[in-house]
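Because the structure is a prediction, the values reported are computed rather than measured. Every chain is numbered from 1, with letters handed out A, B, ... down the list of sequences.
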2 protein chains.
Amino acid sequence: MSTDSTSAATTESPFVLEGRPTAQLIADQLREQIVQGAFLPGQQVNESVLAVQLNTSRGPIREALQRLSQEGILVNKRNRGVFVRELTSEDIREIYAVRQALESTAAEELLASPSETIEETCSVLEETLGEMAKQVAVSNWQEIARLDMQFHTSFVSGTGNSRLIRSYKTLAAESRMCILNLEVSYPRVDALVEEHQVLLDLLARRDRKALLRAIRLHLEKAVEDLTTQHDKALGA
Amino acid sequence: MSTDSTSAATTESPFVLEGRPTAQLIADQLREQIVQGAFLPGQQVNESVLAVQLNTSRGPIREALQRLSQEGILVNKRNRGVFVRELTSEDIREIYAVRQALESTAAEELLASPSETIEETCSVLEETLGEMAKQVAVSNWQEIARLDMQFHTSFVSGTGNSRLIRSYKTLAAESRMCILNLEVSYPRVDALVEEHQVLLDLLARRDRKALLRAIRLHLEKAVEDLTTQHDKALGA
DNA sequence: CTTGGCCAAATTGTCAACAATTTGCCTGGC
DNA sequence: GCCAGGCAAATTGTTGACAATTTGGCCAAG
């Protein structure tokens with residue numbers, strides 16, 4: 001992954017301009033690569049090599065890296081560079097505590113929305129869930145992790161509250177990092193699909209109290225799984 | 001406020017370097033100026049003039065502006081520049097809905113913390129509240145707004161949850177913008193101090209249920225005041 | 001008088017070179 | 001053998017210049 005010609009594979013688009021903000025495209029690419037584990041935690045991300053890999057100069061790269069630093073998936077050490085953040089068990093608890101707060105609020109707002117909005121959200125969630133089931137069948141963990149977070153992000157996006165969505169997306173990226181850091185992090189995948197199906201059903205049924213409770217339990221269980229795996233990995 | 005020599009007054013520090021991340025210092029300065037109303041909503045923020053005002057080049061300025069754009073107090077229009085965000089009544093509702101979610105979670109986490117942490121937080125809040133009372137006496141609205149948000153930010157900071165704090169600080173800045181946009185936005189200042197005193201007392205007394213309720217009412221009332229003033233300002 | 005396109009000004013987007021700082025190694029002395 | 005000091009390499013931080021794009025005004029044709 002150094003500077004050999006095969007690194008061109010990481011450059012997904014030869015020309016970076018698509019008529020949209022360039023640095024953001026780079027940031028999105030990098031974020032995706034990072035949460036997929038292309039960069040190891042603690043590893044330094046060099047501006048210059050990224051510039052040549054993405055066929056651009058350091059300027060846009062700097063902007064993208066700063067953006068990701070602000071999101072929290074990179075850390076910036078003055079005059080040293082940016083590094084992929086290493087997440088501790090405490091970080092996991094923090095992230096999921098805030099996620100619970102935001103998802104609960106999203107549930108409240110969704111239930112207060114017109115039926116049309118709820119139904120549209122449900123159909124989106126259903127589609128994601130179907131895709132998730134397929135990927136579970138072939139044990140594609142990376143895709144499962146992505147779809148897991150896509151499910152939750154779509155749930156929150158259903159509210160249309162842009163601040164809620166913005167805050168949540170950051171946490172979603174961090175969550176994917178948590179999951180990826182732990183290799184096989186889904187103890188039982190069957191339960192995973194089933195749990196999300198429950199969330200979807202409760203939303204469709206407008207069962208406020210049960211939905212809030214299910215969200216809490218779902219996230220609490222995730223924290224438990226993640227921290228357990230995390231501490232185990234540390235012990236190994 | 002154009003390019004005359006008096007604009008040097010906006011440059012609070014002749015030398016920007018203090019051994020800390022430079023762009024962040026600029027961002028902090030700008031954020032403070034913006035939430036204080038030094039830039040009007042919708043106004044364009046020019047990179048070049050800022051560069052000469054702050055006695056630096058466009059590079060760090062760009063980074064600072066991008067950071068503030070990501071926080072949401074500036075909006076970036078491709079090839080046009082960055083502008084101070086104009087907030088609508090809908091924005092106010094969004095912001096305060098998320099604030100309610102985060103502050104409620106902060107309350108829960110605080111109450112689950114060791115007594116030591118709670119007491120320390122209370123003393124910090126008390127100090128801010130005392131300062132707020134002083135500024136109320138002299139009707140210094142700008143300082144009142146700052147202390148209002150400092151109170152809430154300190155409350156959330158008491159949890160030590162860095163993600164919670166990070167998300168909240170963004171909303172706090174946006175809230176100050178809401179307040180500033182509306183000139184005299186505190187209908188009755190006495191009620192303001194009193195309400196915060198109630199929050200502090202309930203935290204000190206560990207009255208979970210009453211505290212959560214008080215937070216909700218406090219923020220709901222704020223939304224009502226702000227949107228009323230906002231719509232009135234639009235009608236004028 | 002209105003409308004269409006063209007032109008120029010201003011501003012951001014990008015780039016490559018230069019400066020400053022940190023880190024690790026190497027050498028010299030104790 | 002160990003430690004202190006300095007030196008060199010690498011990386012980021014900063015700067016000024018250049019390129020691209022949008023916008024508003026101007027002019028002419030209908």
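Remark: side-chain polar atoms of Glu174(B) are not paired, donor with acceptor, to backbone N or O of Leu171(B) under 3.5 angstrom. Checking side-chain atoms of Ser139(A) against main-chain N and O of Gln135(A) turns up no donor-acceptor pair under 3.5 Å.
Using a 4.0 Å cut-off between charged nitrogen and carboxylate oxygen, Arg163(A) and Asp91(B) count as a salt-bridge pair.
Distance CG (Leu54(A)) to P (dT14(C)): 13 Å, rounded to an integer number of Å. With rounding to whole Å, Glu63(B) atom CD is found 14 Å from dG13(C) atom C1'. Across the protein-nucleic acid pair, Arg78(B) atom CZ and dA10(C) atom C1' stand 17 Å apart, rounded to whole Å. In this structure, Arg58(A) places its CZ atom 14 Å from P of dC18(C), rounding to the nearest Å. Rounded to a whole Å, the NZ atom of Lys77(A) is 18 Å from the C1' atom of dG13(D). Rounding to whole angstrom units, CZ of residue Phe83(A) and P of dA10(D) are separated by 16 Å. Rounded to a whole Å, the CD1 atom of Ile26(A) is 11 Å from the C1' atom of dT14(C).
Using modelled atom types, one finds no donor on one side chain facing an acceptor on the other under 3.5 Å when comparing Gln100(A) with Thr105(B).
Considering only side-chain N and O atoms, Thr56(A) lies under 4.0 angstrom from the phosphate OP1 or OP2 of dC15(C). For the pair Thr22(B) and dT14(D), the criterion of a side-chain N or O lying under 4.0 Å from OP1 or OP2 is met. Listed pair Arg62(A) / dT12(D) fails the phosphate criterion, with no side-chain N or O lying under 4.0 Å from OP1 or OP2. Between Gln44(B) and the phosphate of dA10(C), there is no side-chain N or O to OP1/OP2 separation shorter than 4.0 Å.
For Glu47(B), taking side-chain heavy atoms from C-beta onward, the closest of the listed nucleotides dT12(C), dT11(D), dT21(C) is dT12(C). Closest to the side chain of Asn79(A), out of dG13(D), dT15(D), dT11(C), is dG13(D). Distances were taken from every side-chain heavy atom of Ser48(B) (C-beta onward) to each of dT14(C), dT12(C), dT15(D); the shortest belongs to dT12(C). Among the nucleotides dT11(C), dT21(D), dA16(C), the one closest to the side chain of Ser57(A) is dA16(C).
The two residues Ala145(B) and Arg176(B) have their closest heavy-atom pair at O-CG, 4.3 Å.
Between Gly59(A) and Asn46(B), the residue anchored nearer the 5' end of DNA chain C, judged by the nucleotide with its closest heavy atom, is Asn46(B).
You won't find any donor-acceptor pair under 3.5 Å spanning the side chain of Arg80(A) and the base of dG13(D), going by distance alone.
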